[in-house]
Amino acid sequence: MESKELYQKLKSDFIKEGITDLNWAARMPDLDKYLHNDFKRCGMGLMCDFTDKIDKVYTTVFLSDKVLSKILSDNVSNAMIFSHHPTNWDIEHHNGNYAATEEYISKLRDRNISIYILHHPLDNYGDYSTCKTLADSINLNIEHPAFLYCGALCGVIGTVVYKNIGELHEQYSKAMGHKTSLYRYGNENIQGERVAVCPGGGNAPFVVNEMLSNDIRILITGVTIVNNYSKETHRLEKENQINVLGGTHYSTEKFAPMKMCEYFKDLGLPSVFVDDNPKLYDL
């Protein structure tokens with residue numbers, strides 16, 4: 001497929017009017033010469049335009065060294081990386097998001113492998129969104145989308161069949177494929193209660209405040225570590241008896257790029273999800 005055709009298709013399907021994103025380019029000055037002007041301007045869409053033709057797509061959550069090394073080891077060319085984030089992720093050693101390694105970006109350019117980013121546009125509620133795909137992974141009965149942020153509805157409200165918070169926690173760990181956190185600030189009995197799902201960095205005051213206005217006291221999210229950034233959110237949750245479950249930034253958002261493989265295959269493009277390691281420090 002011609003690369004311009006695919007870029008335009010993605011833009012038309014996902015980058016909706018009103019959705020904005022971060023100034024990612026300012027966070028990666030060493031990569032400036034590789035970045036597409038549109039990405040510098042709006043922080044989404046085509047990040048690196050390295051090919052005129054795309055024969056295969058790789059999907060991922062972060063542009064980590066592990067992911068980029070795996071892709072390069074395939075010895076492919078004329079391909080595209082579809083990533084949720086234009087960065088790597090590590091709170092413990094890098095305070096969160098940090099730029100991908102220039103060595104790998106240079107090698108991608110030499111191999112004609114472009115990079116396309118949908119951060120907030122992929123958070124926005126829809127069949128391929130981070131919030132709906134996470135909700136589906138835990139069999140949440142979705143009632144409606146919620147939590148408007150930068151023009152994107154980045155979460156959902158719904159119900160689950162579990163009677164107590166321990167059962168929900170156990171099922172959440174099974175869905176994530178590793179241990180998850182539970183900050184048991186609320187009731188043990190959750191039968192009939194509604195649940196909020198907001199993956200990634202959804203443990204935030206604007207999410208909690210909207211939950212409280214709708215009398216919802218269970219939050220399923222990604223990053224839940226108590227630190228200087230999050231301590232006020234945890235205080236608010238504890239005061240209002242909100243149970244908080246965390247599944248890491250990576251694991252709660254991986255279901256969206258996994259689902260995107262279906263999108264690309266429907267366009268006739270072979271597609272594969274490149275897995276990564278969850279950062280349990282997030283919990």
Side-chain angles (χ1 to χ4, degrees), residues 61 89 91-92 123 125 129-149 153-256 258-259 277-283:
V61 181
W89 173 262
I91 296 177
E92 186 175 11
D123 289 329
Y125 180 76
S129 64
T130 54
C131 56
K132 185 180 186 302
T133 55
L134 175 60
D136 289 345
S137 79
I138 58 170
N139 298 314
L140 186 89
N141 180 27
I142 296 173
E143 294 180 355
H144 57 82
F147 314 125
L148 184 66
Y149 181 71
L153 286 166
C154 58
V156 296
I157 305 299
T159 57
V160 292
V161 298
Y162 312 112
K163 296 180 180 178
N164 62 68
I165 196 66
E167 288 181 10
L168 177 58
H169 184 207
E170 181 180 350
Q171 292 302 315
Y172 191 40
S173 295
K174 287 181 179 179
M176 296 303 100
H178 55 74
K179 73 173 185 177
T180 58
S181 61
L182 169 58
Y183 292 82
R184 199 187 297 259
Y185 299 143
N187 294 331
E188 172 68 18
N189 181 2
I190 63 169
Q191 191 167 13
E193 288 194 29
R194 290 180 297 161
V195 177
V197 172
C198 194
N203 193 35
F206 80 95
V207 171
V208 175
N209 287 327
E210 186 172 333
M211 289 173 60
L212 289 173
S213 68
N214 289 279
D215 195 26
I216 297 168
R217 284 175 165 75
I218 303 166
L219 173 61
I220 291 177
T221 186
V223 181
T224 53
I225 183 174
V226 181
N227 55 20
N228 287 335
Y229 179 83
S230 67
K231 63 182 180 181
E232 286 303 311
T233 305
H234 276 274
R235 181 190 60 79
L236 186 63
E237 290 160 339
K238 192 171 185 178
E239 285 180 357
N240 290 280
Q241 298 183 309
I242 295 174
N243 283 314
V244 184
L245 295 89
T248 76
H249 199 162
Y250 166 77
S251 293
T252 58
E253 295 185 338
K254 69 182 180 181
F255 300 100
M258 290 169 69
K259 180 77 171 178
N277 296 325
K279 303 289 186 181
L280 298 183
Y281 188 82
D282 290 354
L283 304 177

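Everything quoted here is computed from the prediction, not taken from an experiment.
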Counting distance only, does the side-chain N/O of [X] pair as donor-acceptor with the main-chain N or O of [Y] below 3.5 Å?
X	Y	answer
T133	A256	yes
N243	L182	no
N141	E143	no
R217	N240	yes

If you take all heavy atoms of [X] and [Y], which pair is closest and at what distance?
X	Y	answer
C154	P199	O-CD, 3.7 Å
I157	A146	CG1-CB, 3.9 Å
S129	D123	CB-O, 4.0 Å
P205	T233	CD-OG1, 3.3 Å
S181	L283	CB-O, 3.6 Å
G247	S251	O-CB, 3.2 Å

Check salt bridge (Lys or Arg N to Asp or Glu O under 4.0 Å) between [X] and all other residues, then give those that pass, not counting sequence neighbours.
X	answer
K163	none
E167	none
E232	R235

Is there side-chain contact between [X] and [Y], with heavy atoms separated by less than 4.5 Å?
X	Y	answer
F147	L153	no
I142	Y125	yes
T224	D282	no
W89	V223	yes
V156	L140	yes
Y162	Q171	yes
Y183	E237	no
N187	I218	no

| field | S173 and H178 side chains, donor-acceptor separation under 3.5 Å | value |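 Per modelled atom types, H178 and S173 side chains form no pair under 3.5 Å.
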| message | Checking side-chain polar atoms at under 3.5 Å, does T221 have a donor or acceptor matched by the opposite partner on N203? | response |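 Note: T221 and N203 side chains miss the donor-acceptor criterion.
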When rounded to the nearest 0.5 angstrom, what is the spacing between [atom1] in [X] and [atom2] in [Y]?
X	Y	atom1	atom2	value
L236	L212	CG	CG	6.0 Å
H169	I190	NE2	CD1	12.0 Å
L168	I165	CG	CD1	5.0 Å

| query | With sequence neighbours left out, what residues match N227 under side chain to side chain contact (heavy atoms under 4.5 Å, CB included)? | reply |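 Result, side chain to side chain contact (heavy atoms under 4.5 Å, CB included) vs N227: I91, I225, Y229, S230.
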| query | Residues in side chain to side chain contact (heavy atoms under 4.5 Å, CB included) with S137, at least two apart? | reply |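 For S137 the side chain to side chain contact (heavy atoms under 4.5 Å, CB included) partners, ignoring immediate neighbours, are L134, A175, M176, F255.
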| task | Please lay out, stage by stage, how L245 and L219 fare under the test side chain to side chain contact (heavy atoms under 4.5 Å, CB included). | result | CA-CA 6 Å; L245 295 89; L219 173 61; over 6 Å; no
| query | Who pairs with F206 by ring-ring contact (aromatic ring centres under 6.0 Å, His included), at least two apart in sequence or on another chain? | reply |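 Once residues adjacent in sequence are excluded, the partners of F206 under the ring-ring contact (aromatic ring centres under 6.0 Å, His included) criterion are Y149.
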| task | Evaluate the side chain to side chain contact (heavy atoms under 4.5 Å, CB included) criterion for residues T130 and E253: first the C-alpha distance (whole Å), next the side-chain angles of each, then the deciding distance (0.1 Å), finally the verdict. | result | CA-CA 5 Å; T130 54; E253 295 185 338; 4.2 Å; yes
| task | Determine, stepwise, if the pair I220 / I138 fulfils side chain to side chain contact (heavy atoms under 4.5 Å, CB included). | result | CA-CA 10 Å; I220 291 177; I138 58 170; 3.4 Å; yes
Can you list the residues that meet the side-chain hydrogen bond (donor to acceptor under 3.5 Å, both in side chains) rule with [X], with sequence neighbours excluded?
X	result
Y185	H234
N277	K66
T159	none
K259	E262

| request: Keeping to residues at least two apart or across chains, list the salt bridge (Lys or Arg N to Asp or Glu O under 4.0 Å) pairs with something in residues 191-214. | output: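 Qualifying pairs: none.
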| task | Output every pair passing salt bridge (Lys or Arg N to Asp or Glu O under 4.0 Å) with a member in residues 171-182, not counting sequence neighbours, ordered by first then second residue. | result |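 Residue pairs with at least one partner in residues 171-182: E170-K174.
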